[in-house]
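Contents: one structure, followed by commentary.
Naming convention: chains lettered A, B, ... in sequence-line order (proteins, then strands); numbering from 1 in each chain.
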Amino acid sequence: MDAAFFERPAATVAAELIGHVLLVEGVGGAIVETEAYDRTDPASHSFSGPTKRNASMFGPPGRAYVYRSYGLHWCLNLVCEPGSAVLLRALAPTQGLDTMRARRGLADPRRLCAGPGRLAQALGIDSLYDGLPLDRMPFAWGAPEGPVSVAATTRIGITKGADTPWRFLLAGSAFVSRPLPKSR
DNA sequence: GGTAGGATTCTCT
DNA sequence: GAGAATCCTACCA
């Protein structure tokens, strides 16, 4: 996984990330759910231009953008083209299950990383990871083990641009935060 | 200096 | 299924 992978539209990167394995300090699993955001998207933090908070989104591609949601949760994004990013919403845990269980205080692997906040907590993501390059430690990547079936739907939990079909998930996976886009 | 908003999750009924 | 919890950042005065 080199930086060039991310130097493309967020929606393209988001779709191709499905099935890839992401490890943070040896803990992680296969990505099963992502969302794309870019500069022209009213739901994106970058829509109103660069600010101190979203500075990472306008930095070099292939970096992490970490932000706080509702004052409680951390969300991990992967920066693509300037002003665009891919939000990791869920992954299927494969490495470091014990570590994730301990961090989440939860045994059910299906709920371990199903959702942006849960995923970040399970991987130990916090503000210290904001702006870190994704092509070196503590991040590690693996290619999909086989063919993946990617489904595109509308995004979740946002108030603007909610009809843009930029949520990508691994079809049939039991680890996504929501199998189908219902009202939320 | 003060206020509003935010891409969520958990718990209880 | 509905409601509460919680805190940092941006923006306006």
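The partner of C:dT6 cannot be assigned: no Watson-Crick or G-U wobble pair with both contacts below 3.5 Å exists in any strand. Under the Watson-Crick or G-U wobble criterion, with both distances below 3.5 Å, B:dA7 has no partner in any strand shown.
Here the nucleotide nearest the side chain of A:His73, chosen from C:dA5, B:dA7, B:dT9, is B:dT9. Comparing B:dG6, C:dT6, B:dA7 by their closest approach to the side chain of A:Lys160 singles out B:dG6.
Here A:Tyr67 and A:His45 bring their ring centres to under 6.0 angstrom of each other.
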- Message: side-chain hydrogen bond (donor to acceptor under 3.5 Å, both in side chains) for A:Arg103 and A:Gln121? Distances and angles first, verdict last.
- Response: CA-CA 7 Å; A:Arg103 293 207 267 237; A:Gln121 185 182 10; over 6 Å; no
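Taking atom CG of A:Asp108 as the reference point, atom C1' of B:dT9 lies 15 Å away to the nearest angstrom. Distance A:Tyr65 OH to C:dC8 P: 15 Å, rounded to the nearest Å. Distance CG (A:Leu72) to P (B:dA7): 14 Å, rounded to an integer number of Å. With rounding to whole Å, A:Asp126 atom CG is found 13 Å from C:dC8 atom P. A straight line from CG of A:Leu112 to C1' of B:dT9 spans 14 Å, rounded to a whole angstrom. Distance A:Arg167 CZ to B:dT8 P: 11 Å, rounded to the nearest Å. Atom P of nucleotide B:dT9 and atom CD1 of A:Ile156 are separated by 10 Å, given to the nearest angstrom. Rounded to whole Å, the distance from NE2 on A:His45 to C1' on B:dG6 is 6 Å.
For A:Arg89, a side-chain nitrogen or oxygen approaches OP1 or OP2 of B:dT8 to under 4.0 Å.
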Please list each protein N or O that sits under 3.5 Å from an N or O in nucleotides 9-13 of chain C, with the distance.
residue : atom : partner : partner atom : Å
C:dA10  : OP1  : A:Thr51 : OG1          : 3.2
C:dA10  : OP1  : A:Lys52 : N            : 2.9
C:dA10  : OP1  : A:Arg53 : N            : 2.4

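Looking at heavy-atom distances under 4.0 Å, A:Arg104 makes contact with sugar-phosphate atoms alone, never a base.
Using a 4.5 Å cut-off on side-chain heavy atoms (C-beta onward), A:Arg118 and A:Cys113 make no contact.
Counting non-hydrogen atoms of other residues, nucleotides and ligands closer than 6.0 Å to CZ of A:Arg101 gives a total above 12.
Remark: the A:Tyr70 side chain and the B:dA7 base include no donor-acceptor N/O pair separated by less than 3.5 Å.
In this structure, A:Arg155 is positioned above the aromatic face of A:Tyr37, its NZ or CZ under 6.0 Å from the six-membered ring centre and within 45° of the axis. Judged by a 6.0 Å distance limit and a 45° cone about the ring axis, A:Arg8 is positioned over the six-membered ring of A:Phe5.
Note on A:Asp108 versus A:Arg111: no salt bridge recorded, every NZ/NE/NH1/NH2 to OD/OE distance being 4.0 Å or above.
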